[in-house]
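The figures here come from the full heavy-atom set of this structure, side chains too, leaving out hydrogens, waters and symmetry mates. We're numbering straight along the sequence, starting at 1. Computed from a predicted model, the values in this text were never measured in an experiment. Counting starts at 1 for both ligands and their atoms, following the listed order.
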Amino acid sequence: MHEIIKDICYSCTGDISQIHVDAIVNAANSSLLGGGGVDGAIHQAAGPTLYAACRQIREQSLPAGLPPGEVVSTHAGRLPAEYVIHTVGPVWSGGDQEESLILASCYEQAIIEAQRLGCRSIAFPSISTGVYRFPKKQATEIAWRVVYEYIQHTDAPMKIYLIFFTKHDEKIFLQATRTTGD
Ligand code: AR6
């Protein structure tokens with residue numbers, strides 16, 4: 001685990017479904033009904049009550065699904081976290097389809113939702129950098145910019161954990177943290 005900003009922001013390599021925080025963010029798809037990667041790991045570890053909660057949201061409030069850049073929260077089933085904040089990242093299609101704005105919105109909206117829920121800690125995966133093919137360096141710079149801005153402008157910020165699946169991905173992030181905010 002790397003401490004990026006003392007007592008507030010950390011990065012680490014691992015499986016986000018196993019992290020002990022108040023809220024974890026799910027890199028879901030618009031259906032909210034599961035998939036692979038982060039989404040698959042979260043649903044697998046959380047068990048069927050999470051799937052049932054997502055189904056209920058689809059039936060009651062989001063019949064057309066969750067749009068990219070937006071968030072919705074549920075309980076976390078059997079996970080160590082209390083809440084799952086589901087978001088849908090942009091599918092990378094070259095960079096001229098507002099992918100960067102949508103990705104920033106995922107992080108911003110998740111932070112707002114975690115604050116609304118009264119969370120003191122939140123863990124993010126590297127949204128859109130798997131199946132959705134967003135370039136990792138660019139994605140990590142966007143994630144870091146949003147997180148850094150939040151920390152700079154908030155009196156008592158939540159603890160923020162950025163979780164990477166490989167050491168290599170975490171290294172790309174750590175490089176981004178060295179160039180921002182100097
Ligand atoms: N913990 C932390 N990071 C992970 C884990 C894990 N358990 N598993 C993968 N990663 P992805 P996306 C990393 O594909 O690109 C799903 O099918 C992975 O290496 O999970 O937003 C959804 O249902 C990558 O860097 O999410 C959607 O259909 C990052 O997490 C679609 O994938 C994100 O990879 C969303 O694609």
Side-chain angles (χ1 to χ4, degrees), residues 1-2 4 9-21 23-48 50-55 57-58 62 64-74 76-81 83-95 97-110 113 121-144 146-147 160-177:
M1 171 127 52
H2 286 86
I4 315 293
C9 184
Y10 304 84
S11 73
C12 64
T13 302
D15 177 358
I16 195 165
S17 69
Q18 302 307 314
I19 307 284
H20 292 247
V21 284
I24 62 168
V25 176
N26 183 15
N29 59 59
S30 287
S31 81
L32 295 175
L33 299 178
V38 170
D39 200 9
I42 287 175
H43 275 278
Q44 172 81 32
L50 178 61
Y51 181 80
C54 290
R55 259 203 100 84
I57 288 173
R58 284 299 310 280
L62 290 172
L66 182 67
E70 296 188 15
V71 303
V72 68
S73 57
T74 60
R78 293 195 297 249
L79 297 180
Y83 301 104
V84 178
I85 299 175
H86 307 264
T87 191
V88 181
V91 176
W92 180 259
S93 26
Q97 301 295 312
E98 302 201 318
E99 292 97 325
S100 295
L101 285 176
I102 297 168
L103 186 62
S105 172
C106 292
Y107 286 91
E108 288 159 0
Q109 295 302 313
E113 179 66 359
S121 55
I122 184 170
F124 286 97
S126 186
I127 300 163
S128 281
T129 63
V131 172
Y132 284 178
R133 303 182 313 273
F134 204 113
K136 288 181 175 175
K137 181 168 180 288
Q138 212 169 317
T140 216
E141 284 167 0
I142 291 166
W144 176 238
V146 174
V147 166
I160 299 191
Y161 297 83
L162 294 140
I163 314 298
F164 296 91
F165 211 39
T166 66
K167 283 272 165 222
H168 180 253
D169 291 353
E170 188 184 6
K171 212 167 155 187
I172 295 172
F173 169 73
L174 289 170
Q175 273 159 7
T177 66

Which atoms from ligand 1 have a heavy atom of Gly14 less than 4.0 Å away? 1 (N), 2 (C)

Using a 4.5 Å cut-off on heavy atoms from C-beta on, say whether the side chain of Tyr10 contacts that of Ser121. no

Between Glu99 (side chain) and Ser93 (backbone), is there a donor-acceptor pair under 3.5 Å? yes

Donor-acceptor pair, distance only, cut-off 3.5 Å: does the side chain of Ser30 make one with the backbone of Leu66? yes

Tell me: protein heavy atom nearest atom 1 (N) of ligand 1, and distance? Ile16 N, 2.9 Å

Classify the ring geometry of His86 against His43: parallel below 30°, tilted from 30° to 60°, perpendicular beyond 60°. tilted

Working to the nearest 0.5 Å, report the span between OG of Ser126 and CD1 of Ile172. 8.5 Å

Whether Glu113 side chain and Gln109 backbone form a donor-acceptor pair below 3.5 Å: no

Looking only at protein heavy atoms, identify the closest one to atom 24 (C) of ligand 1 and say how far it is in Å. Thr129 OG1, 3.3 Å

Atom 14 (O) of ligand 1: which protein heavy atom is closest, and how many Å away? Val131 N, 2.9 Å

Applying side-chain contact (heavy atoms from CB on, under 4.5 Å) between Leu32 and each of Thr74, Asp39, Ile57, report the one that passes. Ile57

Less than 4.0 Å is my threshold; does some heavy atom of Gly40 fall inside it relative to ligand 1? no

Quick check for you: to the nearest 0.5 Å, what is the distance between Thr13 atom OG1 and His2 atom NE2? 8.0 Å

Which ligand 1 atoms are under 4.0 Å away from a heavy-atom of Gly35? 17 (O), 23 (O)

Atom indices of ligand 1, in the order listed, that fall short of 4.0 Å to a heavy atom of Gly36: 16 (C), 17 (O)

Closest approach of any protein heavy atom to atom 36 (O) of ligand 1, naming residue and atom: Tyr132 CG, 3.4 Å

Heavy atom of the protein closest to atom 15 (O) of ligand 1 (residue, atom name, distance): Gly130 N, 2.8 Å

Does Leu162 offer a backbone N or O that forms a donor-acceptor pair with the side chain of Ser11 under 3.5 Å? no

Is a side-chain N or O of Tyr132 found less than 3.5 angstrom from the main chain of Val88, in a donor-acceptor match? no

Close-contact set for ligand 1 against Ala41 heavy atoms, below 4.0 Å: 7 (N)

Evaluating non-hydrogen atoms only, which member of Val38, Thr140, Asp15, Asn29 is closest to atom 8 (N) of ligand 1? Val38

Which ligand 1 atoms does Asp39 reach within 4.0 Å, using its non-hydrogen atoms? 22 (C), 23 (O)

Any idea which part of Pro125 is under 4.0 Å from ligand 1, heavy-atom wise: side chain, backbone, both or neither? neither

Do me a favour and list the nearest non-hydrogen protein atom to atom 13 (C) of ligand 1 with residue, atom name and distance? Phe165 CB, 3.8 Å

Considering only heavy atoms from C-beta outward, does the side chain of Ile85 approach that of Ser73 to under 4.5 Å? yes

Counting from 1 in the order shown, the ligand 1 atoms closer than 4.0 Å to a non-hydrogen atom of Ala27 are 21 (O), 22 (C), 26 (O), 35 (C)

Residue Ser126 vicinity, atoms of ligand 1 by number, heavy atom under 4.0 Å: 29 (C), 33 (C)

Hey, is Ser128 one of the residues with a heavy atom under 4.0 angstrom from ligand 1? yes

